Amino acid sequence: ESDTYGSPRRVGRAMAALDVAQISLSQAIRAARGAVGPGQILEAELLVAGNENTNGKRYIVDIRNQQGEFEVIVNSRDGRVMRIVRD
């Protein structure tokens, strides 16, 4: 992610998040689409946080389809959809 550059601490957090994730971003997108149906991916990211308890443990996928816009939280370890929030 571009905002991680310039700070060794941010780069370290991004690398730690990637180490924890066991499914790819494309697998997370497929899981999200499976949960809410096909649609346009607006944004998809691996959570990079300073908190060790959440860092790298979930993907956040924003999808727009005929039913509206959704934020889908996907577990990065097993691909399970954890939460769907309609925007």
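Just so we're clear, the structure is a prediction, and the values are computed from it rather than from any experiment.
Contact record, Gly39 with Asn65: CA-CB, 3.9 Å, taken as the closest heavy-atom pair. The nearest pair of heavy atoms linking Ile63 to Gly37 is CG2-O, 4.5 Å. Across all non-hydrogen atoms, the minimal contact from Ala31 to Gly79 is CB-O, 3.6 Å. Annotation for Val81 and Ala35: closest pair CG2-CB, 3.9 Å, computed over non-hydrogen atoms. What you find for Val74 and Ala28 is that their closest heavy atoms are CG2-O, 3.8 Å.
The stretch residues 20-43 participates, sequence neighbours left out, in no salt bridge (charged side-chain N to carboxylate O under 4.0 Å, His left out) pair at all. The list of salt bridge (charged side-chain N to carboxylate O under 4.0 Å, His left out) pairs with a residue in residues 67-81, not counting sequence neighbours, reads Arg64-Glu69, Asp78-Arg80.
Between Gln22 atom CD and Asn75 atom CG the span is 9.0 Å, to the nearest 0.5 Å.
In this structure, the side chain of Tyr59 engages the main chain of Ile23 through a donor-acceptor pair within 3.5 Å.
With sequence neighbours excluded, no residue forms a side-chain hydrogen bond (donor to acceptor under 3.5 Å, both in side chains) with Arg83. Taking Ala44 as the reference, Leu25, Ile29, Ile41, Val61 meet the side-chain contact (heavy atoms from CB on, under 4.5 Å) condition, with sequence neighbours excluded.
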